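Throughout, a chain's letter reflects where its sequence line sits, starting with A, and its residues are numbered from 1. Predicted, not measured: the structure shown is a model, and the values here were computed from it.
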Amino acid sequence: MTTTSTNQGGAAPVTDTASAPVVVVDDLSISYAAGRREVPVVRGVGFEIAAGRALGLVGESGSGKSTVARTLLAHLRRGSRIVGGSVRVAGDDVFALDERARRALRGGTAALVAQNAGQALTPSMRVGRQLREALESHGLPGGHDRVLELVRHVRLPDPETIVRRYPHQLSGGQQQRIAIAMAVAARPQLLVLDEPTTALDVVTQSAVLELIRDLAVELDMAILLVSHDLGVVSSMADEIAVMRDGVIVEHRPTAELFADPQHEYTRELLASIPRVHLGDGDRAGESGRDARSLRGTLSGIAHAAHVRAAQVLAVARGEESAVDPGAQAAPRVGSTEPVVAARDLVVRYGRGLPAAVDGVSLEIGRRETLAVVGESGSGKSTLATAMAGLIPAESGAFAFRGAAGLEGDLTQPVGRRSADLRRAVQLIFQNADTSLNPRRTVGAAIARPLKLFTGSSSPDRVAELLVEVGLTPDFAARLPAQLSGGQRQRVGIARALAAGPELIIADEITTALDVRVQAGVLELLTRLRDEKGLSCLFISHDLAVVRGVADRVAVMTGGRIVEVGPADRVFVGPNHPYTRTLLDATLDPGTTELPGVGDGRARWRDADGWTDHGGGHHVKNWEAQ
Amino acid sequence: MSPTDTPTGSAVEADLTSRGGAPTTPRPSRPGSPALSTLLLVLRRVGTALLTVLLASFLVFFAVQALPGDVAQQLLGQDATPEAVAALRDTLGLDQNVWARYGEWLLGASHGDFGVSLVSGAPVGPDLLIAFRNSMLIAVPAMLVGVTISLTLGVVAGVRRGRPSDHAISLISLIVMSVPEFMVATILVLLFAVAIPIFPAVVLRGDSATVVELLPSVWLPAIVLTLAMAAYIVRTARSSTIDVMASEFVTTAELKGLSTRQVVWRHAVPSALLPTLNVVALNVAWLLGGVVVVENVFNYPGMGKLMLESVFNRDLPTIQAIAVVSALVYVVCNLAADLIALALDPRLRTRRKARS
Amino acid sequence: APARSDPTIPEAAATGTAQRGGRLRIARPAASAAETLDSASSLSAYEYLGALYNRLVKLDEQGVTVPDLAEEWSATPDGVTWTFRLRSGVRFHDGRRFTAADAIYSIEHILDPETASPQGEVLAAMIGPGSMSAPDPLTLRIELLTPNAEFPSLLTAYQCYIIPEGSADPANGPTIGTTGIGTGPFRLSGFEPAGTGSIEAYDDHFAGRPALDGIDFYSIQDTTARVNALLAGQIDLISQTNLDFATAQVVSASSTATVARSANAQWYTIPMLFTSAEFSDPLVRQAMKLAYDPQAIVDTALQGTGTAGWDNPVPPTQAVWLDEQREYDPEKARALLKKAGREGFRTDIHTSSYESVFTPMAVAYRDQVKQAGIDLVVKNASADSYYTQIWMQKPLMVSYWFTGRPIDQLLNQIFRTGSSYNESAWSNPTFDALLDDARAEMDDSRRATLYQDAQRLIVEDSADMTPMFGDRLVGIGRDVVNYREYGFEFDYLQIGLRA
Amino acid sequence: MSTTTTNGTEEARVASTGRPDAPKTVGARLRGLATGLSSSISASSALGIGLGLIALHIALALLAPLIAGHDPVATDSTAALAGSSWSHWLGTDQYGRDILSRTLHGGQYALLVTFLATTIAVSIGTVLGCITAYADNWFDEVVMRIVDALLSVPSILALLVVVTVFDSGLWVIVLAVTVVYAPAVTRVVRGAARTVITQDYVTAARARGEGSLSIVFREILPNVLDVVLVEFAMRASWIVLLISTLSFLGFGANPPTPDWGLMVQENRTALTVVPMGTLAPVVALATLVIGLNLSADGLSKTLGVDRAQKGATS
Ligand SMILES: Nc1ncnc2c1ncn2[C@@H]1O[C@H](COP(=O)(O)OP(=O)(O)OP(=O)(O)O)[C@@H](O)[C@H]1O
Ligand SMILES: Nc1ncnc2c1ncn2[C@@H]1O[C@H](COP(=O)(O)OP(=O)(O)OP(=O)(O)O)[C@@H](O)[C@H]1O
Ligand SMILES: [Mg+2]
Ligand SMILES: [Mg+2]
């Protein structure tokens, strides 16, 4: 990785033996009352954080990370109580403080940056006023200048206008910066960050993390960073504590933990994480196979052959396509009968609105997975929705050519598509929670498309499908609410398979899942695709995920594709600057450095034409700005 | 869009509820010109409001015309001579095309001319105006006092959730809500007019009473209305306060080191009021239609009493006029609620209508 | 709380010396917005009339016709020509002197079909064009079309108040309907249809100035509201309201108000519409009567504060009352219905809260006739529109009258074919002939026999049922003295406030 | 009274919002209705008390002839205005009718009318709400404008007109209440349905090419049932009050029907003489309304429906 690193190197411990640790958590146990039962949430957790040091807290959802983090500000969720242990911040037992002292602690000695700044800022108050409040509530002068200074401090442009805005008028990254400004307003000794970047896209995430890093150094704060993203934690924290079921199972310095995970759970966690940046040694001979083998512990070895074959095929096709490197024409990949061919596709949500998909051309070959990546709002979902016929295309060509001579026009909305076409194109949704009707059993959900497209829906066939997606037949009787997120996603996949599709559209199907579950679902998808010879449009904003599953990658921004090519080539480069920014900003676990991505603003301008980098790798021309 | 009872399908329907937990990354709304877009919003809202009134008048007109039997015959009774019926049909214009009649009526109504009462023979407008004024005399104080007190109580109960004060407020509001107004009114009369004669039991002077003459009589009806209305608002305000108090931004405000008072009144209340607004609006609108019972018990010469009388007497022009005035009040209240919502929630002002 | 089963309802109103002056506040039921002070009209504002106007003759408590504006009267032996000597020196409120011309005008106004007076048809049968003459300003002579021994009693009706000549003609400015100019003890100072009004003592009244300075009238629609106003001391008297038994107890137990009771003041009827399909059949009518026991209705609906009527509309106090009681036989009623082909007869009986006894009476009647297999559904109509929407329109409903009508007027006005107060629209030529004979009969005892025959016919054939006569329980303030009301007569001169 | 915290739902909420990126979904807040209800009754004391009160009312109404052995309309002049005694537990009114019998039988009438009226109004409103929400085109626009217009006419006026025109009676009142409440329910259900429509399972159904009706009835309707249920309880509480008000004004039940509103109307002037005549029906009415309200509260809490948004008196 060749980014300019601006940070001081998080791995170097700044030890200040002179002062006592800012935070001392000792044998903390918390439980909450559910009915008459006491449910333990945190059990015997203990750690210390010294000034200037950062502790990362990782673990799966519900493991008690937030609960622990918030005790540092003497905050407990309604209904919870401390069962044992103590929390000391700057020498005081926080739960023994009186009202006044507790207010001084909150925002004064210790400050919190919450996960979703969009919800953490009061919607009815201008951000300037909220910042001023943060100052004034701790007896600091809250003058306009001070507020502006704070805004500048978190590197927001044009502070004068920013302070007059309401939270919803800011982007997620800007909101998070304001939240950080509010937290550091009173120069606290301790900064608690509860998933500060989970809601942000990678590029913004890097910028925000960098800001936090710099502020921490500048103010010599102790930091507790809560995240489920090992990449984020490893790049920020000096030490990492891994939590599971309310217990810290492993607590080690960052580098050590990655080098030599001790606890079984930690190892599992590390193994299931997809990575985008490969080690320098791999770079020269990297291939899709290598990328996949990173998940080797989980993906079935039996499918390795399939994988390789598909990969080779894709590369081969890529080479073929390089024959036609027309400068003006959009790149075209895969001459042999693509399943889907789009040309100059424009999709718009309403008259007067800008096109959400703006002149996109692409092809998806048979048995091929095309991944589309890009930041939020780049039009990925729109493309998927249009392909599924849920929103009509405004202009352009969009053709489907299936196996048994099935041809269809994908610009047509669902209502006007033939049943065969509808059957052949199946959607899997991002959110497993909302993609299943909570009132219908799993069996009914799968039986419905069976009935609709095959005319019959025997319980046997349903059971078969369930087994195919790695569930047992008895799941048919369950309601979605009785399933875990990963299981629901599997049901979603089974439902798509029930129709007997040729093309699967998978829109961010793993975003809502834990890393470990995500690995399982991705593996399932890959396996099914290979076994059934499906084509797939795979949408994600997570480059690491894409690297694991895609044959080819298309990079989208602003409704346009700026780069398209075989996965391995795209990840290696040369790249479009936008792709590069994305790649750079992606944090792999174990990286103890933060990539410098600047302020995340585009430094390029679109230009006409494409550059062919060979092997089916095309990059949109651009000009530096 | 959450299951709100938001009255007129409008811009305000844009998801207020995203405070619950928006799954998507917040996207900055496009800057544009906020003033202009707000103005457009307001204009559109006013437009739908007018349309609603128009439609309501239309529905009432046709419903009333569709009454079974001949209106003229109904009015004159069984023994009426055919000539008399024919004459009345003529004066009522019943032989004309119904559309023409509606058009004519609408034209008149837009000038405030609601026709002539079939019973007294006097123009409907002035009488209605007086009744309306009288009703406002009890409705406005009830509204001001009721809304203020009940919002405060609701917020207090919501903030002190689970404590004795909350239990007391919730219990009392539940009981008040469950006892019909006619009973509340009866008990108040027995207590404060008969047993301890502080207030008059009924209004003696009818429609001719001046405001000053009515003043001693407005208190008991106003109290009944206040109680009836307050209970609902208290409960709504309470539950929306509880929701908001559980929201992330209130926790953030707390963890900023603000005092509870600051957290509640500066951060929580504006958002907590939002869902309450529509309830307040509906209640205020209800005040006019729902005063029937109260006015009946107190012999109060307001819209409710007029409404009851004109229904008794099948005084169609008066019924129509009352319906239109009530519809106006209803849309005005809801309009006001929407505008206040706009003022309270900056998100509504700048967000373009989000539609799935 | 007062004792329950032992009614503590006073038998009479307080008497004593009234203070001179003071204002009385009377609450009355809200009337139609079209009500008027024109006594001839059916929409007259009844409470005002006695205070504002006088008649030529009035009834005393025993039902005897006594002088009012006419000092004395006489008839030719054939009962055709009647001569009235009028009181001299009487002035209308506007200062005009009262003469025979005013009397003639008033009667002509009643006769005018435009006025649609309920008394119009009654009088029109006797008075033709040019029947009336004024030999001198204080003498009124009326030549009847048919002989009528009871003629003066017909002029005691409350429609027959005397108004100034020309006062009902819109051409002369505001009509009597709004001016209320009469010769009565009070003059009008304000009037609003269905609303408030007030009258002031008329110093020049021929019988002297009334005790009160004035009376204020308020209209209150809801009965309970009227009672509450009385209990709260906002008003002194509730007019046209017969308190139900329980309410009467509440009122008499209160410190501000009490109850005055006038025995048999109300006469309750259940008219069956003669023109309706079901009740045009005499068998059905007879069955409806035989099927119930009036005493049971008195007991339930009035808690015994009244007298059973046995379908004879003439109150037992009257001299000509027919002392015969019809039989009560539900089985016979059932048989009659069967004969009429209406076994299991079913219909609606309409009632309203207009009068507190209506509904209990309807319910009690319904319960009674059940034994005869008659299935009635009680339908409640609004008090306001009861007499415009239901009365004389629905086949079966309940109604009431004030007692205190002279016998001739009673029978002619309410039972004669075509009379506008004939609630049941009953028509029986024999009955009408009996009435005519009685009128022509100048011999008192023979006339009484004829009237009794008429009563018998009513009991047997008429479409009206008279279950009972009820005491009227009137709520009055404890400070009111000398309240006297009987029939249609209200003593406006004596009533006053406690000194 | 929604004062007690239900940990069950709290947990559900915490669990669903605690997960990163996990939106608060219908799915997360719902358990299966069948299993959910029973467990939530134990979890929510409000719901428990509410349903208990309603059950008590139903039981009393059904057992009325057994409990109070008097004919509710039979008058008895010998026992008028009797105080409470062994044969008349709550005494008699001025016509000697047993107040307990009348009150209990009044419950039959109130429950029957309320149940019928609420069911019809809520059913129509639900179907219409789902359809309009799904249609989302001119049809939706037109229906909603009409709904608005209907809502803007005071309910009592609409009721009075319907009742005077068609004469009072059970079915007329049911019809009148339907006219008044179906629009309000339509609006609420439409709101709920619109959230459902944005859910991916509806999108999935559309992508499969399911028919509109199939989508409305299979996918949308079952998922607004929670809202509908709360709506049912809440509307029912208003309808009970409205019907008694109508009777009180003299437009509802006909005497001598033992109707609570009518009983109050008949007896309230004599409140001090026959207090039970007024108090018994009012207490019955109030407890039923409280029961319905508590149920609505409890339901909305256990089902996660936000009741704050619609506690209006329309
Ligand atoms: N007061 C409470 N009531 C109900 N449940 C509670 C309460 N407090 C904590 N929990 C439960 O405790 C567990 C830990 O919650 P916590 O928010 O700390 O987890 P987390 O590790 O931060 O998860 P995430 O990654 O999803 O944020 C969760 O299962 C949560 O549902
Ligand atoms: N229903 C809609 N109506 C109007 N505009 C929409 C709608 N849905 C999306 N858009 C807009 O279209 C653009 C592309 O949105 P799209 O959902 O395709 O982005 P995406 O790449 O899938 O983003 P994400 O990663 O956040 O899912 C965005 O600017 C978005 O605001
Ligand atoms: Mg957390
Ligand atoms: Mg998307």
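Two residues are said to be in side-chain contact when any heavy atoms from C-beta on lie closer than 4.5 Å; D:T278 and B:M183 meet this criterion. Taking 4.5 Å as the limit, every side-chain heavy atom of B:M177 sits out of range of all side-chain heavy atoms of D:S237. The closest side-chain heavy-atom distance from D:F248 to B:N296 is below 4.5 Å. Looking at heavy atoms from C-beta onward, B:T186 lies out of side-chain contact with D:Q265 at the 4.5 angstrom threshold. Taking 4.5 Å as the limit, every side-chain heavy atom of B:F182 sits out of range of all side-chain heavy atoms of D:L241.
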Practice item. List the steps, then state whether side chain to side chain contact (heavy atoms under 4.5 Å, CB included) holds for D:V153 with B:L59. Key: CA-CA 9 Å; D:V153 178; B:L59 287 177; over 6 Å; no

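The residue among B:P180, B:A323, B:C333 with the most heavy atom pairs within less than 4.5 Å of chain D is B:P180. The candidate from B:L308, B:L54, B:V53 with the greatest count of non-hydrogen atom pairs under 4.5 Å with chain D is B:L308.
Atom CG in B:L190 sits 9.5 Å away from atom CZ in D:R268 (nearest 0.5 Å). To the nearest 0.5 Å, atoms CG (B:L55) and CG (D:L150) are separated by 8.0 Å. Separation of atoms CG (D:L160) and OG (B:S310) is listed at 9.0 Å; rounding is to 0.5 Å. Taking CG of D:N293 as the start and OH of B:Y232 as the end, the distance is 6.0 Å to the nearest 0.5 Å. To the nearest 0.5 Å, atom CD1 of residue D:I156 and atom OG of residue B:S326 are 12.0 Å apart.
Looking at D:L242, there are no atoms closer than 4.5 Å to chain B (heavy atoms on both sides), in backbone or side chain. Looking at B:L328, neither its backbone nor its side chain comes within 4.5 Å of chain D, counting heavy atoms on both sides.
Listed here is the closest heavy atom pair of D:D297 and B:R235: OD2-NH2, 2.8 Å.
Screening D:V283, D:V289, D:V282 for a side chain to side chain contact (heavy atoms under 4.5 Å, CB included) involving B:V179 leaves a single residue, D:V282. Considering B:L51, B:T52, B:V331 in turn, B:T52 is the only one that fulfils the side chain to side chain contact (heavy atoms under 4.5 Å, CB included) rule with D:D148.
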